[in-house]
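Quick notes on the structure that follows.
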Amino acid sequence: MPKLISKWNYPTTVRFGAGRIKELPDALAAAGIKRPLFVTDPGLAKLPVVASTLKILDDAKVPYGVFSEVKPNPVESNLTAGIAVFKKGKHDGVIAFGGGSALDLGKLIAFQAGQTRPVWDFEDIGDWWTRANSDAIAPIIAVPTTAGTGSEVGRAGVITNEATHTKKVIFHPKLLPAIVIADPELSVGMPAFITAGTGMDALAHCLEAYCAPGYHPMADGIAVEGIRLVFENLPKAFANGKDLVARAHMMSAAAMGAAAFQKGLGAIHSLSHPVGALYDTHHGMTNAVFMPYVLAFNREAIDERIARLAAYCGIKGGFDGFAKAIVKLRKELKVPHALPGLIKGLDMDKKRKALIADMAVVDPTAGGNPVKLTKKAALTLLDNAIAGSV
């Protein structure tokens with residue numbers, strides 16, 4: 001019998017439920033934040049959901065600043081600009097408000113504003129996080145408006161290095177927000193495309209965490225229930241964006257995916273990260289495109305696990321039935337079956353394919369794949385995703 005030895009970490013305080021955004025001033029006080037910087041993306045900044053949230057702060061007489069220079073795949077220049085605003089406004093904490101991009105960048109602003117070393121020195125490698133000055137990290141309140149990344153309960157942030165066009169995962173335990181306000185009413189206005197992409201991101205997190213090797217029954221249990229919630233509720237949220245029950249279940253599934261993937265991710269993300277960095281594609285939708293190809297590649301190592309998962313989700317046919325259910329779900333959500341449907345005018349030569357494969361095998365998520373991801377395997381998966389051949 002193998003030694004059952006592992007290390008488990010689970011998330012923070014989550015104030016979950018419709019209407020709980022009204023508790024934002026109280027959450028700030030509980031976290032010790034008196035002068036927050038409100039970080040969101042430029043699209044959200046123009047919408048009523050931000051205006052109504054800022055009014056809550058105004059009514060509570062909370063002084064705040066706003067920063068919204070956030071790209072869909074955040075880059076270092078976004079971080080630098082955000083830190084400048086944070087320091088100029090003498091802010092003492094961050095409200096990270098929005099989808100994964102805004103959440104990640106908001107968290108990284110709170111983290112990096114007080115550091116003296118470059119952000120790349122804190123990449124999720126070994127114990128690099130110990131290089132940071134923990135006392136200089138500002139507290140964070142996270143408010144998700146999408147149901148995908150689960151960054152609101154994560155201890156990391158993803159940022160693209162513009163010089164190398166590579167996505168880097170920055171890790172520190174204090175990147176975990178002090179308090180999360182998960183209010184499904186905030187996601188009601190989300191467009192169908194974003195609903196689909198973010199929802200498939202949540203599914204990718206749960207699925208890859210469940211399939212990752214290692215002993216972590218708590219993560220496995222959370223991942224399995226997260227997958228069930230996605231299958232039952234994502235089509236409903238996609239078809240009717242005002243379905244608050246479906247939105248709430250998807251917000252739960254997103255947080256569950258992020259809680260579970262501390263166990264590991266895999267080749268879906270390993271391939272999605274370089275493609276997203278090079279082509280600026282939507283991360284969740286890119287995961288969705290790669291999903292069936294990676295699932296088939298991993299079959300030998302996960303056949304029995306997926307059969308158990310399928311049974312729990314009420315899907316007949318074991319691995320084959322589950323694989324078909326994934327393809328059916330993608331079709332229902334209008335996810336492109338192959339990369340050319342996601343990237344218009346895609347013309348990927350051998351040199352670019354080799355670059356993506358090289359980036360994939362060194363991506364931090366590659367080590368969690370149940371089958372070793374070699375450069376040859378990455379190239380094959382990429383070719384399959386381009387051709388649409390599962």
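Along the sequence shown, residues are numbered consecutively beginning with 1.
In the hydrophobic clustering of ILVMFWY residues, with side-chain heavy atoms under 4.5 Å counting as a link, Ile137 and Val180 come out apart. The same ILVMFWY cluster, assembled from side-chain heavy atoms under 4.5 Å apart, contains both Leu295 and Leu339. Under a hydrophobic clustering in which Ile, Leu, Val, Met, Phe, Trp and Tyr are joined whenever their side-chain heavy atoms come within less than 4.5 Å, directly or via other members, Val294 and Val371 fall into the same cluster. Two different hydrophobic clusters hold Val327 and Leu309 under the rule that ILVMFWY side chains link at heavy-atom gaps under 4.5 Å.
In terms of modelled atom types and a separation under 3.5 Å, the side chain of Glu76 and the main chain of Thr160 share no donor-acceptor contact. Under the 3.5 Å distance criterion, the side-chain polar atoms of Glu162 are matched with a main-chain donor or acceptor of Ser77. Without hydrogens or angle criteria, Lys375 side chain to Ala357 main chain gives no donor-acceptor distance under 3.5 Å. In terms of modelled atom types and a separation under 3.5 Å, the side chain of Glu185 and the main chain of Ala18 share no donor-acceptor contact. Within the 3.5 Å criterion, the main-chain N or O of Thr166 finds no donor-acceptor partner in the side chain of Asn161. The backbone N or O of Ser151 lies less than 3.5 Å from a partner atom in the side chain of Lys107, making a donor-acceptor pair. Judged purely by atom type and a 3.5 angstrom limit, His91 has no side-chain atom pairing as donor or acceptor with the backbone of Gly93. In this structure, the side chain of Arg117 does not engage the main chain of Ala132 through any donor-acceptor pair within 3.5 Å. Side-chain atoms of Asp183 come within 3.5 Å of backbone atoms of Ile21 as a donor-acceptor pair (strictly under, hydrogens ignored). Not a single donor-acceptor pair under 3.5 Å links the side chain of Asp127 to the backbone N or O of Thr130.
The heavy-atom pair separating His273 from Thr365 by the smallest distance is CE1-CG2, 3.9 Å. For the pair Ala204 and Ile268, the tightest heavy-atom approach, listed with the atom from each and the gap, is CB-CG2, 4.3 Å. Of all the heavy atoms in Thr149 and Phe261, the pair that sits closest is O-CE2, 4.1 Å. The heavy-atom pair separating Ala196 from Met285 by the smallest distance is CB-CE, 4.1 Å. Contact record, Ala338 with Tyr293: CA-OH, 4.1 Å, taken as the closest heavy-atom pair. Across all non-hydrogen atoms, the minimal contact from Phe231 to Ile326 is CZ-CD1, 3.8 Å.
For the pairing with Lys55, the side-chain hydrogen bond (donor to acceptor under 3.5 Å, both in side chains) check across Asp58, Asp59, Thr53 returns one residue only, Asp59. For the side chain to side chain contact (heavy atoms under 4.5 Å, CB included) criterion with Val275, the lone passing option out of Val289, Ile343, Leu342 is Ile343.
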Can you check side-chain contact (heavy atoms from CB on, under 4.5 Å) on Met348 and Tyr279, steps first, answer last? CA-CA 11 Å; Met348 198 180 289; Tyr279 293 95; 3.6 Å; yes
Worked check of side-chain contact (heavy atoms from CB on, under 4.5 Å) between Met359 and Ser270: CA-CA 8 Å; Met359 293 167 73; Ser270 306; over 6 Å; no
Go through the steps for Asn287 and His283 under the test side-chain hydrogen bond (donor to acceptor under 3.5 Å, both in side chains), then give the verdict. CA-CA 6 Å; Asn287 280 342; His283 172 66; 3.1 Å; yes
Show your working on side-chain hydrogen bond (donor to acceptor under 3.5 Å, both in side chains) between His205 and Asp201 and close with a plain yes or no. CA-CA 6 Å; His205 291 161; Asp201 192 27; 3.2 Å; yes
Going through the checks in order, is the salt bridge (charged side-chain N to carboxylate O under 4.0 Å, His left out) test met by Asp220 and Arg305? CA-CA 10 Å; Asp220 288 346; Arg305 268 178 110 38; 2.9 Å; yes
With side-chain contact (heavy atoms from CB on, under 4.5 Å) as the test, would you mind laying out the steps for Phe171 and Ile125 before giving the verdict? CA-CA 8 Å; Phe171 169 85; Ile125 297 174; over 6 Å; no
Candidate pair Thr281 and Thr286, rule side-chain hydrogen bond (donor to acceptor under 3.5 Å, both in side chains), full reasoning: CA-CA 7 Å; Thr281 55; Thr286 313; 2.7 Å; yes
Can His249 and Glu232 be said to form a side-chain hydrogen bond (donor to acceptor under 3.5 Å, both in side chains), step by step? CA-CA 9 Å; His249 285 313; Glu232 288 193 3; over 6 Å; no
Checking Leu37 against Ile95 for the side-chain contact (heavy atoms from CB on, under 4.5 Å) test, could you report, in this order, the C-alpha distance in whole Å, the side-chain angles of both residues, the deciding distance, and whether it holds? CA-CA 6 Å; Leu37 177 64; Ile95 300 169; over 6 Å; no
Acceptor/donor pairs from residues 376-390 side chains to any protein atom, 3.5 angstrom cut, sequence neighbours excluded:
| residue | atom | partner | partner atom | Å |
| --- | --- | --- | --- | --- |
| Thr380 | OG1 | Lys376 | O | 3.1 |
| Asp383 | OD1 | Lys353 | NZ | 2.9 |
| Asn384 | ND2 | Thr380 | O | 3.4 |

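Within the 4.5 Å cutoff, no side-chain heavy atoms of Val39 are placed close to those of Phe86. The side-chain heavy atoms of Phe193 and His282, taken from C-beta on, include a pair separated by under 4.5 Å. A heavy-atom distance below 4.5 Å is found between the side chains of Glu225 and Tyr312. Contact check for Ile170 versus Asp124: no side-chain heavy atoms found under the 4.5 Å cut-off. The closest side-chain heavy-atom distance from Ile141 to Val94 is not below 4.5 Å. At least one side-chain heavy atom of Leu28 sits less than 4.5 Å from a side-chain heavy atom of Pro36. When side chains are defined from C-beta on, Phe38 counts as touching Phe97, because their heavy atoms get closer than 4.5 Å. Residues Leu234 and Met200 have side chains in contact (heavy-atom distance under 4.5 Å, counting atoms from C-beta outward).
Counting only N and O atoms by type, the side chains of Lys71 and Ser101 include no donor and acceptor under 3.5 Å apart. With 3.5 Å as the limit, one finds a donor-acceptor pair spanning the side chains of Arg330 and His337.
The distance from atom CD of Glu152 to atom CG of Asp104, rounded to the nearest 0.5 Å, is 10.0 Å. For the atom pair CG (Asn233) and CE (Met251), the distance works out to 13.0 Å, reported to the nearest 0.5 Å.
Asn133 CG: more than 12 foreign heavy atoms inside a 6.0 Å radius.
We find that Arg15 and Asp26 are joined by a salt bridge, their nearest charged nitrogen and carboxylate oxygen being less than 4.0 Å apart.
Using bins of under 30°, 30° to 60° and over 60° for the plane-to-plane angle, the ring pair Phe111/Phe122 lands in the perpendicular bin.
For the pair Arg308 and Tyr210, the cation-pi criterion (under 6.0 Å, within 45° of the ring axis) is not fulfilled.
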